[in-house]
Amino acid sequence: MIDDFLAADTGNLQRVEAAVRAATAAEILPRYRQLAAHEIVEKSGPHDLVTAADRLAEEHLTKSLTRLLPGSVVVGEEAVHADPAVYDALRGDAPVWIVDPVDGTRQFVRGEPGFCTLVALAHHGEVYASWTYAPVLDELAVAVRGRGATLNGTPVHSGSPAPGAVLKVAMSHPDYTSDAQKRALLGLRTEGIDARSCGSAGLEYLAVASGAQDAVAFNWEFAWDHAAGLLLVTEAGGAQSTLSGVPYRITGPNDLPFTAARDAATAERILDALRSGAGKKGPADG
């Protein structure tokens, strides 16, 4: 079913792209730098915001995407916030659109360009395609399982860091995590790694896929933040793994933090630093 939908000759990849662009044009861009105070709401705290653009863009995408693929369902960040049981669809039999309408909401609220819309198509826990669209930056990245990744229609390859180069890494802010995960993340504050707090997760993944950044390390596992980007990185030639040495699963649970990197050697180097911070051994250590 998914393979037929994504076949190159169906035009469905382009139809999804059009749906993403249409939702962004209708609901997000008109509110960029135009948000009223009542259109911004805190969810779990001041670092976790939702706007009218988030809600309306997700509603727009829910209608258009399920129309493109009858029988599919949507797991969106705002729908799950309203009803956590929606997340269970990731473990069901129906194809699932995983949607983050505005990834980088804080940046969006501040009027900065570093936000994007993320859409991924999954089935039985496997991600088959993804779309990462940063409208202000005019960047659209598409990945299809087994068929590579593109940025604005041009193939992208993550490549590898130069030998001996300091690794550029974006990571979750240690303040917004458990004590154990904080210790792991602080393991990245070591010689040979230049770690900073992340912005939009989707754009951090895009930077890894295009070779502009060496790795990311995250301590939260919501699928809408990671499904699109992880497929993008792996289809660009990169690698990803959780702290226990197995790949991140959109259905969870995952051993956190986890990393995605330009190549397998870099991913292992990041994992070693995380394990050192956490005081854990890797799979090869017994």
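One is the number of the first residue; the rest follow in order along the sequence.
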Check for a donor-acceptor pair, side chain of [X] on one end and backbone N or O of [Y] on the other, with a separation under 3.5 Å.
{"X": "Lys168", "Y": "Ala212", "answer": "yes"}
{"X": "Ser276", "Y": "Asp272", "answer": "no"}
{"X": "Asp83", "Y": "Val80", "answer": "no"}
{"X": "Arg106", "Y": "Arg110", "answer": "no"}
{"X": "Gln240", "Y": "Ala261", "answer": "no"}
{"X": "Ser172", "Y": "Asn219", "answer": "yes"}
{"X": "Thr150", "Y": "Thr154", "answer": "no"}
{"X": "Thr105", "Y": "Val102", "answer": "yes"}
{"X": "Ser160", "Y": "Asp263", "answer": "no"}
{"X": "Asn12", "Y": "Phe5", "answer": "yes"}

Heavy-atom closest pair, residues [X] and [Y]:
{"X": "Glu77", "Y": "Asp100", "answer": "OE1-OD1, 3.1 Å"}
{"X": "Glu78", "Y": "Pro101", "answer": "CG-CG, 4.4 Å"}
{"X": "Asp4", "Y": "Thr10", "answer": "O-CG2, 3.4 Å"}
{"X": "His157", "Y": "Pro155", "answer": "NE2-CB, 4.0 Å"}
{"X": "Leu68", "Y": "Ala19", "answer": "CD1-CB, 4.4 Å"}
{"X": "Pro95", "Y": "Gly71", "answer": "CD-O, 4.0 Å"}

Taking a hydrophobic cluster as the set of Ile, Leu, Val, Met, Phe, Trp and Tyr residues connected by side-chain heavy atoms closer than 4.5 Å, whether directly or through intermediates, do [X] and [Y] fall within one such cluster?
{"X": "Trp224", "Y": "Leu61", "answer": "no"}
{"X": "Ile28", "Y": "Val99", "answer": "no"}
{"X": "Val73", "Y": "Val86", "answer": "yes"}
{"X": "Ile2", "Y": "Ile98", "answer": "no"}
{"X": "Leu118", "Y": "Trp97", "answer": "no"}

With [X] via salt bridge (charged side-chain N to carboxylate O under 4.0 Å, His left out) - residues at least two apart:
{"X": "Glu58", "value": "none"}
{"X": "Arg91", "value": "Asp88"}
{"X": "Arg145", "value": "Glu126"}

- [ ] Start with the C-alpha distance between Arg33 and Glu112, add both sets of side-chain angles, then the distance that settles salt bridge (charged side-chain N to carboxylate O under 4.0 Å, His left out), and finish with yes or no.
- [x] CA-CA 8 Å; Arg33 297 179 176 172; Glu112 299 170 359; over 6 Å; no
Enumerate donor-acceptor pairs with a distance under 3.5 Å from any side-chain N or O in residues 128-142 to protein atoms, sequence neighbours excluded.
residue : atom : partner : partner atom : Å
Ser130  : OG   : Ala228  : O            : 3.1
Tyr133  : OH   : Arg21   : NH1          : 3.3

Open item on the list: Working note: Leu188 + Ile270, criterion side-chain contact (heavy atoms from CB on, under 4.5 Å); need CA distance, chi angles, decisive distance, verdict.
Closed with: CA-CA 7 Å; Leu188 296 174; Ile270 300 303; 3.8 Å; yes
Task: Thr24, Leu203, Leu206 screened by side-chain contact (heavy atoms from CB on, under 4.5 Å) with Cys116, the one that passes - done: Leu203
Task: Close side-chain approach of Arg269 to Leu167, heavy-atom, < 4.5 Å - done: yes
Rounded to the nearest 0.5 Å, what separates atom [atom1] in [X] from atom [atom2] in [Y]?
{"X": "Leu69", "Y": "Ser64", "atom1": "CG", "atom2": "OG", "result": "12.0 Å"}
{"X": "Cys198", "Y": "Met171", "atom1": "SG", "atom2": "CE", "result": "9.0 Å"}
{"X": "Arg249", "Y": "Phe258", "atom1": "CZ", "atom2": "CZ", "result": "12.0 Å"}
{"X": "His124", "Y": "Ile250", "atom1": "NE2", "atom2": "CD1", "result": "11.0 Å"}
{"X": "Thr259", "Y": "Phe218", "atom1": "OG1", "atom2": "CZ", "result": "9.0 Å"}
{"X": "Leu186", "Y": "Gln181", "atom1": "CG", "atom2": "CD", "result": "12.0 Å"}

- [ ] Determine which pairs satisfy side chain to side chain donor-acceptor pair (under 3.5 Å) with at least one residue from residues 198-216, sequence neighbours left out, and list them in order.
- [x] Asp103-Ser200, Arg196-Glu204, Arg196-Gln213, Glu204-Gln213, Tyr205-His226, Asp214-Arg262
Open item on the list: Between Glu27 and Arg31 (salt bridge meaning N to carboxylate O under 4.0 Å), is one present in this structure?
Closed with: yes
Open item on the list: As a quick check of understanding, evaluate side-chain contact (heavy atoms from CB on, under 4.5 Å) for Val216 and Val169, giving each step before the final call.
Closed with: CA-CA 5 Å; Val216 293; Val169 182; 5.7 Å; no
Task: Evaluation steps, side-chain contact (heavy atoms from CB on, under 4.5 Å), between Ser241 and Leu271 - done: CA-CA 8 Å; Ser241 177; Leu271 288 173; 3.5 Å; yes
Open item on the list: Applying ring pair (Phe, Tyr, Trp, His ring centres under 6.0 Å), can you list everything that pairs with Phe115, at least two apart in sequence or on another chain?
Closed with: Tyr32, Phe108
TODO: Any chance you could lay out the side-chain contact (heavy atoms from CB on, under 4.5 Å) test for Leu121 and Val127, step after step, and finish with the verdict?
DONE: CA-CA 6 Å; Leu121 179 59; Val127 182; over 6 Å; no
